[in-house]
Amino acid sequence: MKIKNDVEVIVGDYPFANQLYDELVPILEKHPDKQDRKTNVKATMTDWYITTPQIAKLRKFLLNEVSYKHPINLIDGGKKLTPIFTDFWANIYHKGDYTDPHTHTPAAYSLVYFLKSKWFYSPLFFTSSRQKVRPRMGSFVIFPSYLRHCVPKHRYNESRITLIGNFYYKETVNDNWLYNTRNQKKLV
């Protein structure tokens with residue numbers, strides 16, 4: 001998908017969406033708000049660094065997507081840069097919740113994964129281009145972090161749940177850079 005000024009946005013489907021849904025939705029439906037609505041997200045949020053076995057599998061899949069569709073090579077020496085996650089969290093929207101316009105800079109790319117949603121729920125809205133991505137359970141959107149985006153007010157009684165993360169590029173020598181393991185909070 002291309003948006004204003006030919007900016008490439010990756011939209012795709014996760015092949016193991018059902019397993020991820022089964023593992024996370026029962027936990028996240030009851031999850032307390034860890035950020036106290038002090039961020040741009042005016043909804044229930046988890047800690048910044050969550051993980052479970054299924055989240056680890058999703059992260060690996062998404063890292064491969066970014067590596068394949070947005071490979072980066074350094075000009076000096078031609079070394080290949082590998083994308084890493086710096087954070088990964090969940091947003092749980094209840095009726096009346098929303099997200100103010102914001103960016104995720106200085107990250108290179110950001111992602112939204114629609115864990116629990118219906119097509120008519122609030123979209124991911126890119127403010128500059130005025131384009132929106134309708135939520136579809138099991139789909140993801142990866143976009144340059146400098147794109148200003150928001151989520152309009154959720155108008156339904158049933159929750160809308162997304163997983164969010166940010167990618168940076170790091171020259172790697174081993175797999176320790178793939179995720180900020182020092183700060184992870186296990187959900188299960």
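These numbers come from a predicted model, not from an experiment.
One hydrophobic cluster, built from ILVMFWY side chains closer than 4.5 Å, cannot hold both Tyr98 and Phe114; they sit in different ones. In terms of hydrophobic clustering, with Ile, Leu, Val, Met, Phe, Trp and Tyr side chains grouped at heavy-atom distances under 4.5 Å, Ile164 and Tyr121 are assigned to different clusters.
Put simply, the residue from Arg160, Arg37, Lys42 that forms a salt bridge (Lys or Arg N to Asp or Glu O under 4.0 Å) with Asp97 is Arg37.
The shortest distance between side-chain heavy atoms of Tyr109 and Pro144 falls below 4.5 Å. Using a 4.5 Å heavy-atom threshold, the side chains of Thr39 and Trp48 count as touching. Phe61 has its side chain out of reach of Phe16: every pair of non-hydrogen atoms, C-beta onward, lies at least 4.5 Å apart. Between Lys57 and Leu20, every side-chain heavy-atom pair lies at or beyond the 4.5 Å cut-off.
Although no hydrogens or angles enter the test, the distance criterion places a donor-acceptor pair under 3.5 Å between the side chain of Ser145 and the main chain of Ser110. Proximity of a side-chain donor or acceptor of Gln35 to a complementary backbone N or O of Thr46 within less than 3.5 Å is detected.
Interatomic distance, Leu62 CG to Ile55 CD1, rounded to the nearest 0.5 Å: 11.0 Å. Atom CD1 of Ile50 and atom CZ of Phe88 lie 6.5 Å apart (nearest 0.5 Å). Considering NE2 of His31 and CD1 of Ile161, their distance stands at 11.0 Å, rounded to 0.5 Å. Note that the CD1 atom of Ile142 and the CG atom of Asn166 stand 11.5 Å from one another [nearest 0.5 Å]. Between Lys116 atom NZ and Leu24 atom CG the span is 12.5 Å, to the nearest 0.5 Å. Separation of atoms CZ (Arg148) and CZ (Phe125) is listed at 11.5 Å; rounding is to 0.5 Å.
Partners of His102 by ring-ring contact (aromatic ring centres under 6.0 Å, His included), not counting sequence neighbours, listed by chain and number: His104, His149. Take Phe167 and apply the ring-ring contact (aromatic ring centres under 6.0 Å, His included) test, not counting sequence neighbours, and it matches Phe85.
Minimum interatomic distance between Lys95 and Arg155 (heavy atoms only, all atoms of both residues): CE-O, 3.6 Å. Among all heavy-atom pairs drawn from Pro135 and Pro123, the shortest one is CD-CA, 3.8 Å. Across all their heavy atoms, Asn91 and Met45 have their closest contact at OD1-CG, 3.3 Å. When all heavy atoms of Tyr21 and Leu115 are compared, the closest pair comes out as CD1-O, 3.3 Å. Contact detail for Ser122 and Lys153: the closest heavy-atom pair is OG-O, 2.9 Å. When all heavy atoms are compared, the tightest approach of Ala43 to Ile92 is CB-O, 3.4 Å.
In this structure, Lys118 forms no cation-pi arrangement with Tyr156, as its terminal cationic atom is not both closer than 6.0 Å to the ring centre and no more than 45° off the ring axis.
Tyr93 and Thr162 form no side-chain donor-acceptor contact under 3.5 Å, judged by distance and modelled atom types alone.
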task = Starting from the C-alpha separation in whole Å, work towards a yes-or-no answer on side-chain contact (heavy atoms from CB on, under 4.5 Å) for Phe126 and Val133.
result = CA-CA 8 Å; Phe126 294 101; Val133 178; 4.0 Å; yes

